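Some notes on the structure that comes next.
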Amino acid sequence: MPLTHVVESQQFTVPLLQELFERSRRMERVVARGGTQDYRDRIMATLFYEPSTRTRLSFEAAMHRLGGQVLSTEQARAFSSEVSGEQLEDTIRIIGGIADAIVLRHTEQDGAARAAAVSPVPVINAGDGNGGQHPTQALLDLYTIWRERGALDGLSIAMVGELDRGRTVRSLAYLLSKYDRVKVYFVSPPEVQMQPDILEHLDRHATWYELQPDLHRVIAEIDVLYLTRIKPDRVRERASLARYTADAVTVGRMKGDAMILHPLPRTVELDPAVDRDPRARYFQQATNGLFVRMALLTMLFDEP
Ligand code: CP
């Protein structure tokens, strides 16, 4: 299936994911050699209506490492013609007429889909709305796991935090449902647990999951601890926050070959003392975003 836009994780098949992972591996070698000029005739535009450090800069670095050029609007809400009332669709038509790909972070859940519907060039969803998706984050998360384990079937993972609005965990759950014998623990206060649409999707794909109110109950049996941000003011019982946060003592109970991931930025849920643990992979995970985004851009640009 050709890749035209990247709007949601459900678009990816296992063979397409495998191709992306293998290309990402090759991109690691390309970067180690100082990059390539193979895509020097390409221009990528980044259009961000919300703040970003990792996603925008790694996409821009990816395009530079491929030899291409970048057009950037990092505060699109203030510095694009939306200020004058321009609709997203018109903005996308204009940018699509001057660039070869558009990376969009939007405030609305359907922002990327609306953009893709009118764009003459590939649109990549760099995160849309609260409770939308962030497919390229999930792709780099999965690449980070695949790169270390060599396989994704049989994975046991705990996704922890404020899951109802978590676009990274939503995108990752869709991807994991494509693999066999995966076990997903959603660890969250009940009031901010994973949304029913994701649970129904996992049911339809016969993916095992469990809703868990306490990380400590599952920490010893998982292969991947995937932490996400949690805002204390969204948790009814403040005293329960320790059930959704990780410090050196908590991760000390994990399996020796387990991994600790976080899409970052972090707040209270991940103690900086964990950074010294050899199983902490979140900084490597962020770096992997460069390779995966390079690979993704080449897959979009190479389409006939
Ligand atoms: N993980 C992530 O999306 O980070 P940014 O908000 O910095 O892009």
Side-chain angles (χ1 to χ4, degrees), residues 6-9 12 20 24 44-65 70-80 101-109 111-112 115 123-147 157-176 224-231 244 246 259-270 272 274-275 280-297:
V6 178
V7 174
E8 54 185 23
S9 304
F12 287 83
L20 179 76
S24 302
M44 180 195 77
T46 54
L47 182 63
F48 276 58
Y49 290 84
E50 288 180 351
S52 166
T53 298
R54 279 145 289 271
T55 311
R56 187 174 64 82
L57 293 180
S58 66
F59 261 115
E60 295 185 2
M63 193 70 246
H64 286 299
R65 295 286 190 194
V70 173
L71 305 174
S72 187
T73 305
E74 62 182 284
Q75 292 191 51
R77 190 158 292 294
F79 296 122
S80 75
I102 302 171
V103 181
L104 172 70
R105 175 168 287 185
H106 202 259
T107 48
E108 306 295 329
Q109 276 184 31
V123 168
I124 304 173
N125 181 0
D128 58 354
N130 276 328
Q133 283 213 36
H134 192 350
T136 69
Q137 176 68 48
L139 293 171
L140 75 90
D141 297 338
L142 215 56
Y143 175 66
T144 303
I145 302 168
W146 174 86
R147 189 175 176 271
I157 181 170
M159 298 190 198
V160 189
E162 200 181 311
L163 303 180
D164 61 339
R165 294 184 182 172
R167 50 197 183 194
T168 68
V169 283
R170 292 173 58 79
S171 288
L172 188 55
Y174 279 123
L175 290 184
L176 287 168
V224 177
L225 171 60
Y226 189 94
L227 293 158
T228 65
R229 279 196 304 276
I230 188 158
K231 286 200 196 81
Y244 316 104
M259 301 169 69
I260 307 160
L261 301 181
H262 193 309
L264 303 175
R266 63 176 145 188
T267 54
V268 296
E269 68 284 345
L270 176 55
V274 177
D275 300 356
R281 292 286 192 279
Y282 28 92
F283 295 118
Q284 180 63 50
Q285 180 188 359
T287 302
N288 290 344
L290 170 67
F291 312 126
V292 171
R293 287 169 175 136
M294 287 174 75
L296 195 60
L297 287 168

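Values reported hereafter were calculated over all heavy atoms of this structure, with side chains retained and with hydrogens, waters and symmetry mates removed. Each ligand, and each atom within it, is numbered from 1 in the order the structure gives. Bear in mind the structure is a predicted one, so any value in this text is a computation, not a measurement.
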**OP:** For Asn125 and Glu8, test the side chains for any donor-to-acceptor distance below 3.5 angstrom and give the result as yes or no.
**Re:** no

Original post:
Arg54 to ligand 1: N or O pair under 3.5 Å?
Top reply: yes

Original post:
To the nearest 0.5 Å, how far apart are OG1 in Thr287 and CZ in Arg281?
Top reply: 12.5 Å

Original post:
Among Arg105, Arg293, Arg54, which one satisfies side-chain contact (heavy atoms from CB on, under 4.5 Å) with Phe59?
Top reply: Arg293

Subject >> atom 6 (O) of ligand 1 [closest protein heavy-atom partner, distance rounded to 0.1 Å] >> reply: Arg105 NH1, 3.0 Å

**OP:** Give the residue and atom name of whichever protein heavy atom lies nearest to atom 3 (O) of ligand 1, and the separation in Å to one decimal.
**Re:** His134 NE2, 2.9 Å

Subject >> Residue pair Glu269 / Thr267, side-chain donor-acceptor N/O under 3.5 Å >> reply: yes

Subject >> Ligand-residue contact atoms, ligand 1 with Thr53, heavy atoms, under 4.0 Å >> reply: 5 (P), 7 (O), 8 (O)

Original post:
Which bit of Leu264 is near ligand 1, meaning a heavy atom under 4.0 Å away: side chain, backbone, both or neither?
Top reply: backbone

Original post:
So, Gln133 and Ser9: side-chain donor and acceptor under 3.5 Å apart, yes or no?
Top reply: yes

Original post:
Out of curiosity, is Glu50 lining ligand 1, as in a heavy atom under 4.0 Å away?
Top reply: no

